[in-house]
Amino acid sequence: MAKPRARGRSNKKGKGAVVAQRKRRPVLPLEDLDWKNFPSLRRFVSERGKIRSRRITGLSRRQQAIVSKSVRRAREMGLLAYPDQDRKVRH
Amino acid sequence: MIILDPDADEERQQEMLERVQQIIRDAGGVIDHVNDWGRRKLGYAMDKKADGRYVIVTCSATVEGLREAERVMTINKEVVIRHMSIVLNSVQAQHAKANGAPLPADDRPDREERPARAGRGSGGPRRRER
């Protein structure tokens with residue numbers, strides 16, 4: 001239920017409101033954001049290890065692309081875990 | 001970035017590192033930095049190993065050198081658990097040349113964040129947690 005309601009509301013508010021909301025971006029020094037810098041990447045993944053959507057991170061498209069690429073690289077090198085990996089181990 | 005098997009012979013690990021650097025140098029590359037992060041826990045088990053020794057080599061390498069180094073690392077599976085080479089853009093390269101790749105400071109070893117349940121929360125406008 002939550003999703004359609006939220007969407008409907010934002011549509012009604014008109015574009016100005018949506019843009020204003022979008023502007024709350026985390027302060028992100030891009031040179032610090034690197035795939036090797038896994039502690040700061042943890043901000044952008046959920047507890048399970050999934051990459052958070054732009055809606056939640058509030059990043060720009062370009063920043064989000066950098067983040068998601070970095071997370072995927074960090075995962076490959078074992079700096080971050082893949083989502084739902086521990087489930088496999090436990091069962 | 002190279003992940004070595006920390007349980008392999010110390011000598012063999014060192015030899016592997018030296019060899020990779022030598023290959024890159026021989027092919028006309030330059031090694032700028034070698035950062036050893038030491039033994040770390042892997043995010044998940046690779047080849048049934050829980051730990052790995054992370055070494056990051058920052059270098060300007062030729063294609064041939066890098067290919068050969070990668071080939072050698074792929075063959076020596078009992079020493080090298082995994083390796084990854086990444087081509088940096090000019091800004092990153094400048095940064096890496098100056099600083100190398102030190103182990104990033106983990107300011108919060110345990111995650112302080114609450115589990116993200118944003119998709120299932122109350123229907124109100126979404127808020128970032130932090």
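Throughout, a chain's letter reflects where its sequence line sits, starting with A, and its residues are numbered from 1.
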Seminar exercise, completed: Listed by number, the residues in residues 36-58 of chain B that come under 4.5 Å of chain A (heavy atom to heavy atom) are B:W37, B:R40, B:K41, B:L42, B:G43, B:Y44, B:M46, B:Y54, B:I56
Exercise. Just wondering, are more than 12 heavy atoms of other shown residues or ligands nearer than 6.0 Å to CZ in B:R67?
Worked result: no
For this session: Report the residues that fulfil salt bridge (charged side-chain N to carboxylate O under 4.0 Å, His left out) with B:E64, sequence neighbours left out, ordered by chain and then residue number.
Result: none
Exercise. What part of A:L79 gets closer than 4.5 Å to chain B, counting heavy atoms only: side chain, backbone, both or neither?
Worked result: both
For this session: Return yes when atom CD of B:Q94 has more than 12 non-hydrogen atoms of other residues, nucleotides or ligands closer than 6.0 Å, and no otherwise.
Result: no
Exercise. Is B:M1 reachable from B:V34 through a run of hydrophobic residues whose side-chain heavy atoms are each under 4.5 Å from the next?
Worked result: no
Exercise. Is any residue of residues 76-89 of chain B within less than 4.5 Å of chain A by heavy atoms, and which ones?
Worked result: B:R82, B:H83, B:M84, B:I86
Exercise. Does one hydrophobic cluster hold both A:Y82 and A:L41, with members joined at side-chain heavy-atom distances below 4.5 Å?
Worked result: yes
Exercise. Under a 4.5 Å side-chain heavy-atom rule over Ile, Leu, Val, Met, Phe, Trp and Tyr, are B:I23 and B:L4 clustered together?
Worked result: yes
For this session: Identify which part of A:R75 has an atom lying under 4.5 Å from any heavy atom of chain B, answering side chain, backbone, both or neither.
Result: backbone
For this session: State whether the number of non-hydrogen atoms from other residues, nucleotides or ligands found under 6.0 Å of B:E18 atom CD is greater than 12.
Result: yes
For this session: Check the hydrophobic clustering (I, L, V, M, F, W, Y; side-chain heavy atoms under 4.5 Å; chains of links allowed) and say if B:V72 and B:I3 are grouped together.
Result: no
Exercise. Given the rule that I, L, V, M, F, W and Y join up when any side-chain heavy atoms are under 4.5 Å apart, are A:M77 and B:L103 in one cluster?
Worked result: yes
Problem set entry | Set of side chain to side chain contact (heavy atoms under 4.5 Å, CB included) partners for B:P102, sequence neighbours left out | B:N35
